[in-house]
Amino acid sequence: MLQLSDSPPRMKPPVSVDESYQLCRQITAKYAKTFYLGTLLMSKAKRPAIWAIYAWCRRTDELVDGPAAAITTPETLDKWEQQLESIFAGRPVDKFDVALVDTLQRFPMDIQPFRDMIAGQRMDLHRSRYQNFDELYLYCYRVAGTVGLMSTAVMGVDTKQNTAPWNRNQPPYVPTEEAIALGIASQLTNILRDVHEDARRGRIYIPLEDLARFNYTEQDLFKGVVDERWRSLMRFLIARTRQFYQKAEKGISYLCPDARLPVWAALMQYSQILEKIEHNDYNVFSQRVYVPQWQKIRSIPLAWLRSQVL
Ligand SMILES: CC(C)=CCC/C(C)=C/CC/C(C)=C/CC/C(C)=C/[C@@H]1[C@@H](COP(=O)(O)OP(=O)(O)O)[C@]1(C)CC/C=C(\C)CC/C=C(\C)CCC=C(C)C
Ligand SMILES: [Mn+2]
């Protein structure tokens, strides 16, 4: 279990920078196996920075989603936010923070996306329904769109984007909206995959307005009714999610070349979940949709091709 530290901020870092990066690497390898393989294709400078960000995001998510979530209160998140402020002030509190402090020195970043992610976790503490897509979008931006912003700061943009002589003095395009779109698409995909699990915890992320549009009720959802109303609703939600993947795809070629393959791989692996849901005739209630490891790995050659030509 990933835990918050009780120790106060100290002057002397609790572990060396290298040891801390190793801990972040282990978290990434444990929680995100295929994605971890993708990070190995990044340059030696960027790879550990992505692990440091991953570890921080994972620990933040675990506070409301992990095994100890029942004891998380608004005060726990206040404390986590203070720890974040300390990291940004260059004072690591625990052994994982040391790597993030180093990453922030190498890749200067705005604190706001980190704060926004904590605000997203706060929403999970006091909300279990979303009236419309605007409300859900805000949640998805906070818990996942922010990941796109943090990661882009490390991955960097291709400085050779503008090859035409009359464009050479233009600053390179930063695909911010596209990076956010990948986070939103991935989170919406997670929501569709986890409908049943979330319902068991009394949570419905599908906007109530969308349920009503397809005449499908909360009670139907709690009972796991799969009928034509549910299938039509799922087709609509999947189509909306795919629009975000399509937007994200357009941004990848603006990233540094060494980051394109891991991002294509992540995008394709997450969107495979949608294909699985379709393949299961939209029944997300009987069993959790699962993309086997071999199928994820099988998508890597196509991801590589796209990273070279698109
Ligand atoms: C290269 C790459 C994909 C980098 C991202 C690495 C990174 C720092 C990931 C952190 C993910 C994380 C732990 C977020 C915390 C909140 C959370 C759990 C969000 C969901 C992640 C998936 O988690 P999982 O499937 O394990 O879900 P459960 O907790 O088990 O329910 C999310 C779905 C968000 C993932 C976000 C992305 C994949 C967005 C990545 C965006 C980019 C890398 C920007 C790419 C740039 C362009 C231009 C497209
Ligand atoms: Mn989670």
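Just so you know, these numbers use all the heavy atoms, side chains as well, and skip hydrogens, waters and symmetry mates. Whatever order the structure lists ligands and atoms in, that order sets their numbers, starting from 1. The first residue of the sequence shown is numbered 1, and numbering continues consecutively from there.
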Lys/Arg-Asp/Glu bridge criterion (N-O < 4.0 Å) met for E62, R59:
no

For ligand 1, is any non-hydrogen atom under 4.0 Å from F35's backbone (N, CA, C, O), its side chain (CB onward), both, or neither?
side chain

For residues 300-307, which side-chain N or O atoms pair as donor and acceptor with protein atoms under 3.5 Å away, sequence neighbours left out?
unit_1	atom_1	unit_2	atom_2	d
S307	OG	W304	O	2.6

Numbering the atoms of ligand 1 from 1, which are under 4.0 Å from a heavy atom of E178?
49 (C)

Between Y21 and T103, do the side chains contain an N or O donor and an N or O acceptor separated by less than 3.5 Å?
yes

Taking a hydrophobic cluster as the set of Ile, Leu, Val, Met, Phe, Trp and Tyr residues connected by side-chain heavy atoms closer than 4.5 Å, whether directly or through intermediates, do M268 and V309 fall within one such cluster?
yes

Going through the checks in order, is the side chain to side chain contact (heavy atoms under 4.5 Å, CB included) test met by T241 and I191?
CA-CA 10 Å; T241 305; I191 287 171; over 6 Å; no

Any donor-acceptor pair under 3.5 Å linking the side-chain atoms of Q243 with those of R240?
no

Taking only non-hydrogen atoms of R193, do any sit less than 4.0 angstrom from ligand 1?
yes

Contacting atoms of ligand 1, where contact means under 4.0 angstrom from a heavy atom of I53:
8 (C)

In terms of its nearest heavy atom to atom 22 (C) of ligand 1, the top option of W51, Y245, Y54, Y270 is Y270

Shortest reach to atom 48 (C) of ligand 1 by a heavy atom, considering only S186, A265, P175, A266
P175

Give the ring-plane orientation class for F114 versus F88, where under 30° counts as parallel, over 60° as perpendicular and anything between as tilted.
perpendicular

Heteroatom proximity flag, Q187 to ligand 1, N/O under 3.5 Å
no

Check each of C140, P262, A144 against atom 34 (C) of ligand 1 and report the one with the nearest heavy atom.
A144

Closest candidate by heavy atom, reference atom 27 (O) of ligand 1, pool N190, I252, T176, I180
N190

Using a strict 4.0 Å cut-off to heavy atoms of G183, name the atoms of ligand 1 that fall inside it.
39 (C)

Closest to atom 44 (C) of ligand 1 by heavy-atom distance, out of C57, G148, G38, G66, is G148

Are E249 and R242 close enough, and set up right, to give a salt bridge (Lys or Arg N to Asp or Glu O under 4.0 Å), and what steps lead you there?
CA-CA 10 Å; E249 285 181 8; R242 286 199 170 120; over 6 Å; no

Region of L267 that comes within reach of ligand 1 [heavy atoms, distance under 4.0 Å]:
neither

Please identify which atoms of ligand 1 are closer than 4.0 Å to at least one heavy atom of A248.
49 (C)

Could you tell me the separation between the CD atom of E209 and the CD atom of Q131, rounded to the nearest 0.5 Å?
8.0 Å

Can M155 be said to touch ligand 1, with heavy atoms closer than 4.0 Å?
yes

Side chains of Y139 and D124: any donor to acceptor distance under 3.5 Å?
yes

Atoms of ligand 1 under 4.0 Å from any heavy atom of G251, numbered from 1 in the order shown, are 48 (C)

